[in-house]
Amino acid sequence: MANKELSEPYVELLRAAREAMRRAYVPYSGFQVGAALLDRDGVIHYGCNVENAAYGPTNCAERTALFRAIADGHPPGQFQAIAVMGDTDGPITPCGVCRQVLVELCAPDMPVIMGNLKGEWTMKSVAELLPGAFTPLSLHKEEQS
Ligand code: THU
C-alpha cells in the first residue's frame with residue numbers, strides 16, 4: 001500500500017511514534033523504536049523498546065504501547081490504529097512476537113502504519129501482517145464449525 005497520501009491523523013500518529021522513539025532504553029542494541037497507539041477516544045498511547053541485560057525480557061515498542069494502554073483501562077479490540085517508527089532502510093516492520101500480540105489485542109482490519117526517519121511509510125492491516133495466525137478462536141474448536 002505504499003505510497004500515496006497519508007491522512008492527517010496517521011501523519012500525526014507517525015510523528016508521535018517518532019517522539020516515542022527518543023524514549024527507548026536500548027543500551028544493548030542501540031536500536032531505538034517508537035510506537036504510537038490511537039485509542040477509540042482519539043488518545044495516543046506511547047511505546048518504546050525497553051531492553052534488558054538478559055536480552056530475553058526485552059519489550060518491543062509495539063507491545064509497550066499496547067500493554068500500557070490495556071493497563072490504563074482501554075479495552076482490547078477497540079484501538080483505531082498503531083504507528084511504528086525506526087531508523088531502518090525501508091519502513092520498519094514489526095517482529096513476529098508483536099504481530100501475534102497485535103492479533104490478540106486489535107481488530108483484524110486495524111491499520112498498522114510503519115515508517116522510518118526518511119519519511120517513508122507503508123500501511124497494512126493486522127490480519128495482513130500475520131496470515132494464518134493462531135487466534136483466541138483457535139482455542140475453541142466447537143465455535144469454528
Ligand atoms: N524492536 C522493536 O521494538 N520493534 C520492532 O518492530 C522490531 C524490533 C526492538 C527490539 C530490540 O530492542 C531492538 O529493536 C533490536 O531488535
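Counting convention: from 1, in listed order, for ligands and their atoms alike. Numbers here simply count residues along the sequence, with the first being 1.
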Task: Donor-acceptor under 3.5 Å (Asp87 side chain, Gln32 main chain) - done: no
- [ ] Show which atoms of ligand 1 fall inside a sub-4.0 Å distance from at least one heavy-atom site of Thr93.
- [x] 6 (O)
- [ ] Before giving the answer on side-chain hydrogen bond (donor to acceptor under 3.5 Å, both in side chains), spell out for Ser29 and Glu51 the whole-Å C-alpha distance, their side-chain angles and the decisive distance to 0.1 Å.
- [x] CA-CA 8 Å; Ser29 74; Glu51 298 188 341; 2.6 Å; yes
- [ ] For Gln78 and Pro75, indicate whether the former's side chain and the latter's backbone hold a donor-acceptor pair under 3.5 Å.
- [x] no
TODO: Determine whether any heavy atom of Pro94 lies closer than 4.0 Å to an atom of ligand 1.
DONE: yes
Open item on the list: Return the closest protein heavy atom for atom 3 (O) of ligand 1 as residue, atom name and distance.
Closed with: Ala61 N, 2.9 Å
Open item on the list: When you compare ligand 1 with Val84, is there at least one nitrogen or oxygen pair between them that comes in under 3.5 angstrom?
Closed with: no
Task: Exam field: side chain Glu62 to backbone Cys98, donor-acceptor pair closer than 3.5 Å - done: no
Task: Heavy-atom check, side chain of Leu37 versus side chain of Ile44, under 4.5 Å - done: no
Task: Main-chain N/O of Thr88 paired with Asn116 side-chain donor or acceptor, under 3.5 Å - done: yes
Task: Atom indices of ligand 1 within 4.0 angstrom of Glu51 heavy atoms, with elements - done: 11 (C), 12 (O), 13 (C)
Task: Atoms of ligand 1 close to Glu62 [distance to a heavy atom under 4.0 angstrom, numbered from 1] - done: 2 (C), 3 (O), 4 (N), 5 (C), 6 (O)
Task: Tyr46 six-ring centre to Arg23 NZ/CZ under 6.0 Å and within 45° of normal - done: yes
Task: Under-4.0 Å protein heavy-atom contact, atom 16 (O) of ligand 1 - done: no
Open item on the list: I need the nearest protein heavy-atom contact for atom 10 (C) of ligand 1: residue, atom name and distance, please.
Closed with: Cys60 SG, 3.9 Å
TODO: Answer yes or no: are there more than 12 heavy-atom neighbours, outside Asp41 itself, under 6.0 Å from its atom CG?
DONE: yes
Open item on the list: Just to confirm my output: which protein heavy-atom neighbour is closest to atom 9 (C) of ligand 1, and how far is it?
Closed with: Asn49 ND2, 3.4 Å
Open item on the list: Does the residue Asn59 have a heavy-atom contact with ligand 1, meaning some pair of atoms that are separated by less than 4.0 Å?
Closed with: no
- [ ] Identify, by atom number and element, the atoms of ligand 1 in contact range of Cys95, meaning under 4.0 Å from any of its heavy atoms.
- [x] 6 (O)
